[in-house]
Amino acid sequence: MTAKTPEPAAWGELRASHSDRDAVVEQLREAAAEGRLDLDELEERLEQALTAKTFADLAPLTADLPRSASVLDPGEPLVLKGGFHGAARTGRWRVPAHITAHGGLGGVRLDFTRTECRLPEVEVEVYGEMAGVTVIIPEGWAADTDGITTGTGALRNKTTPDRLPDTPLIRLTGSVGMAGVVIRHPSARERRALKREQGK
């Protein structure tokens, strides 16, 4: 009998991070400064924002306000399933706030090196299963792997802890499964290919 992996949650059910709550608080304060909210409304909404658990809790607080440039769209969650033949997300692609990767029998490869991500944090929920999951992040991005549970496979974090300003934190959750999970920076060959593309 094989264990069932959790189904990905709908966007509104995803847990909000500190940065998500802070972004809403900032938008509410900007709206009050512009006269869109009175002080009582501001105080009430700030209290709700600071205690919000999910995106669904946060969304109504700014639904009647113009979108602020400081509030970033988390995008629709991305789900990749390795299946028999594997799955990959490479090249230039839009990074959402939540990604789920099931290694399956073919494995999953997530390559962030050609993306432009303005989100402060991205949760990558990985399930190594039979073939594993590989995550590649640019130099200067950092990873947090504390949320991954161990299994028969291994978790290999080959990234450096040095995080550059205005770069996302990649927060890994899930389980390593049988084949394991790898998160790393580009290899020497991959760095050379990036430089050729950039004309350097």
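Worth saying up front: this structure is predicted, and the values here are computed from it rather than measured.
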* Structure fact -> dist Leu37:CG -> Gln27:CD (nearest 0.5 Å) comes out at 9.5 Å
* Starting from the C-alpha separation in whole Å, work towards a yes-or-no answer on side-chain contact (heavy atoms from CB on, under 4.5 Å) for Ile99 and Phe112. => CA-CA 12 Å; Ile99 300 169; Phe112 291 88; 3.8 Å; yes
* Any donor and acceptor pair, going by atom type alone, linking the side chain of Ser175 with main-chain N or O of Val126 inside 3.5 Å? -> no
* To do: Check for a donor-acceptor pair, side chain of His185 on one end and backbone N or O of Pro138 on the other, with a separation under 3.5 Å.
  => yes
* **Cluster overlap Val108 with Ile136, hydrophobic side-chain contacts below 4.5 Å** => no
* Please report the shortest heavy-atom distance between Gly106 and Ala131, naming the atom on each side. => C-CB, 3.6 Å
* Would you call Ser17 and Glu121 a side-chain contact if the rule is heavy atoms closer than 4.5 Å? -> yes
* Could you give the distance from OG1 (Thr113) to CH2 (Trp141), rounded to the nearest 0.5 Å? -> 9.0 Å
* Might you point out which heavy atoms bring Leu28 and Leu42 nearest each other, and give the distance in Å? => O-CD1, 3.6 Å
* CZ on Arg118 to OG1 on Thr167, rounded to 0.5 Å -> 14.0 Å
* Asked: Do Glu125 side-chain atoms and Thr100 backbone N/O form a donor-acceptor pair below 3.5 Å?
  -> no
* **Separation between CZ of Arg114 and CD of Glu190, rounded to the nearest 0.5 Å** => 8.0 Å
* Asked: In Å, rounded to the nearest 0.5 Å, how long is the span from OG1 of Thr134 to CG of Leu110?
  -> 9.0 Å
* Side-chain heavy-atom pair Pro120, Leu169 within 4.5 angstrom cut-off -> no
* Has the side chain of Glu44 got a donor or acceptor atom that lies under 3.5 Å from a matching backbone atom of Glu41? -> no
* Asked: With a 4.5 Å heavy-atom cut-off, do Arg36 and Glu30 have their side chains touching?
  -> no
* Over 12 non-hydrogen atoms of neighbours within 6.0 angstrom of CD in Glu139 -> yes
* Structure fact -> Scanning both residues in full, the closest heavy-atom pair of Pro161 with Ala142 reads O-CB, 4.3 Å
* Polar contact flag, side-chain donor to acceptor under 3.5 angstrom, Glu123-Thr173 -> yes
* CG of Leu164: more than 12 outside heavy atoms within 6.0 angstrom? -> yes
* Counting only heavy atoms not in Glu116, do more than 12 sit closer than 6.0 Å to its CD atom? -> no
* If you look at every heavy atom in Leu119 and Val95, which pair is closest and at what distance? -> CD1-O, 3.5 Å
* Asked: Backbone N or O of Val122 within a donor-acceptor pair of the Arg171 side chain at under 3.5 Å?
  -> no
* Examine distances only and state if a side-chain atom of Arg45 and a backbone atom of Leu61 form a donor-acceptor pair shorter than 3.5 Å. => yes
* Shortest non-hydrogen contact between Arg163 and Pro168, atoms and distance -> NH2-C, 3.6 Å
* Asked: Can any side-chain N or O of Arg21 pair as donor or acceptor with the backbone N or O of Ala52 at less than 3.5 Å?
  -> yes
* To do: Could you give me the CA-CA distance, side-chain angles and deciding distance for Thr115 and Arg92, then say whether side-chain contact (heavy atoms from CB on, under 4.5 Å) is met?
  => CA-CA 5 Å; Thr115 64; Arg92 300 186 185 280; over 6 Å; no
* Asked: Is Ile183 close to Val181 at the side-chain level, that is, under 4.5 Å between some pair of heavy atoms?
  -> no
* How long is the span from the CG atom in Leu58 to the OG1 atom in Thr51, to the nearest 0.5 Å? -> 9.0 Å
* Sub-4.5 Å side-chain heavy-atom contact between Leu155 and Thr145 -> yes
* Stepwise, does the side-chain contact (heavy atoms from CB on, under 4.5 Å) test hold for Leu80 with Leu78? -> CA-CA 7 Å; Leu80 294 174; Leu78 171 66; 4.3 Å; yes
* **Distance-only polar pair, side chains of Asp162 and Thr160, donor-acceptor under 3.5 Å** => no
* Asked: Where does the angle between the aromatic ring planes of Tyr127 and His102 fall among parallel (under 30°), tilted (30 to 60°) and perpendicular (over 60°)?
  -> parallel
* To do: Search all heavy atoms of Thr152 against all heavy atoms of Met178 and return the closest pair with its distance.
  => OG1-CA, 3.1 Å
* Asked: Does a side-chain heavy-atom distance below 4.5 Å link Val133 with Val182?
  -> no
* Polar side-chain atom of Trp93 near backbone of Asp111 as donor-acceptor pair, under 3.5 Å -> yes
